[in-house]
Protein chains: 2
Amino acid sequence: MTQATEVLDRVLHLATLVQSDLARFEREAGLTTPRVHLLWVLGEAGPSTQQALARALAVTPRNVTGLVDGLVASGHVTREPHPTDRRATLVTPTTQGARTIRELVESHDDLARRLFGDVAPERLTTFDEVLGATVERFAGLMAAEAAR
Amino acid sequence: MTQATEVLDRVLHLATLVQSDLARFEREAGLTTPRVHLLWVLGEAGPSTQQALARALAVTPRNVTGLVDGLVASGHVTREPHPTDRRATLVTPTTQGARTIRELVESHDDLARRLFGDVAPERLTTFDEVLGATVERFAGLMAAEAAR
DNA sequence: TATTGTTATACTCTATAACTATA
DNA sequence: TATAGTTATAGAGTATAACAATA
């Protein structure tokens with residue numbers, strides 16, 4: 001196995017570990033990955049139409065209906081009327097939903113601190129630079145694929 | 001946002017990009033993520049009982065029944081009798097399944113090469129060392145959680 | 001005419017519980 | 001008695017297609 005493959009495998013391993021940390025959060029909150037993802041988007045974008053959520057999550061509008069139904073049932077969001085467009089609804093976090101979103105962000109930051117907080121700055125910078133260059137290289141590959 | 005959080009976000013971003021590359025493979029092969037995962041395990045372990053697959057995939061035996069049903073229907077694996085235990089079946093790749101597994105490994109290696117192949121060795125080494133130390137730190141965190 | 005969201009339908013992945021055949 | 005796999009049942013996530021209300 002080449003070094004490049006070993007490094008990729010380690011990146012994927014780290015990703016599965018982070019995923020397992022998120023799974024713990026989901027278990028404790030009684031939520032699922034797609035619902036947490038939706039809450040995360042709400043936290044970043046604020047109250048949103050279901051169309052906007054469908055685009056952000058890269059799923060169909062029909063799918064968002066189901067996710068929002070579940071989050072309404074669990075008390076995390078409500079459907080509010082859109083102020084100017086009577087077709088649309090604004091999915092809005094409840095008090096409980098807002099608390100969950102805050103806890104999610106805190107959990108994420110806490111994990112980051114525990115994982116990278118005490119890495120020597122110059123090594124972390126090298127790490128981050130290689131990571132950034134890799135992400136850019138990937139974007140190039142994807143663009144080439146799409147143009148094919 | 002702290003530097004640690006930015007780095008974690010970039011790791012997750014890279015992970016989603018790699019995931020999208022896998023999704024392309026799945027689309028072209030007419031497969032799903034859990035089925036590809038099962039094929040990957042078969043590629044590493046060789047013909048396996050469904051119990052062994054359930055453990056390797058961390059799902060219930062019932063779930064493996066469904067995944068194997070799908071892969072039998074698509075012509076990627078067969079259920080062969082276990083040579084010594086008549087209760088068990090050996091899930092075995094077909095010629096087509098073996099070809100898919102080879103393509104999967106090649107696609108993975110190819111991606112690794114394109115992502116990391118031309119990074120300067122000393123920078124890649126630093127990258128990998130930080131990555132390895134992070135994974136170890138994570139294992140410690142998880143163990144502490146489990147003991148709690 | 002186009003857009004927003006829902007109803008109808010279907011498939012995949014996932015789980016628990018009960019059951020059959022075999023060890 | 002324990003183990004391997006399946007049947008029965010249920011819920012979540014995903015999709016496409018057709019539809020109603022509104023823009």
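In what follows, every chain begins at residue 1, and chains take the letters A, B, ... in the order their sequences are listed.
- Among residues at least two apart or in separate chains, side chain to side chain donor-acceptor pair (under 3.5 Å) pairs with a member in residues 125-138 of chain A are A:D128-B:R10, A:E129-B:R123.
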Under 3.5 Å, which N/O atoms of the protein pair with N/O atoms of nucleotides 21-23 of chain C?
residue : atom : partner : partner atom : Å
C:dA23  : OP1  : B:R86   : N            : 2.9

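- Taking only side-chain nitrogens and oxygens, B:T60 never comes nearer than 4.0 Å to OP1 or OP2 of C:dT14.
- Judged as a side chain to side chain donor-acceptor pair (under 3.5 Å), and not counting sequence neighbours, A:N63 has no contacts.
- For a distance-only test at 3.5 Å, the side chain of A:R62 qualifies as a donor-acceptor partner of the base of C:dT7.
- Across D:dT6, D:dA4, D:dA15, the shortest atom-to-atom separation from the side chain of A:N63 is found for D:dA15.
- Contacts classified as ring pair (Phe, Tyr, Trp, His ring centres under 6.0 Å) and involving residues 7-27 of chain A (residues at least two apart or in different chains) are not found.
- In this structure, the nucleotide among D:dT6, C:dC13, D:dG5 sitting nearest to the side chain of B:T89 is D:dG5.
- The phosphate of C:dT12 has neither OP1 nor OP2 within less than 4.0 Å of any side-chain N or O from B:T32.
- In this pair, A:W40 and A:H108 present their aromatic rings perpendicular. The plane angle is above 60°, beyond the 30 to 60° band.
- Proximity of B:R35 to the phosphate of C:dC13: a side-chain N or O atom is located under 4.0 Å from OP1 or OP2.
- Each end of the helix from C:dT1-D:dA23 to C:dA23-D:dT1 gets its own axis from five base pairs, and the two axes differ in direction by 10°, given to 10 degrees.
- Applying the 4.0 Å criterion to OP1 and OP2 of C:dT6, one finds that A:T65 has a side-chain N or O inside that range.
- Listed pair A:Q50 / C:dT3 fails the phosphate criterion, with no side-chain N or O lying under 4.0 Å from OP1 or OP2.
- Nearest to the side chain of B:P34, among D:dA12, D:dA4, C:dC13, sits C:dC13.
- With sequence neighbours excluded, the residues forming a side chain to side chain donor-acceptor pair (under 3.5 Å) with A:E80 are A:T78, listed by chain and number.
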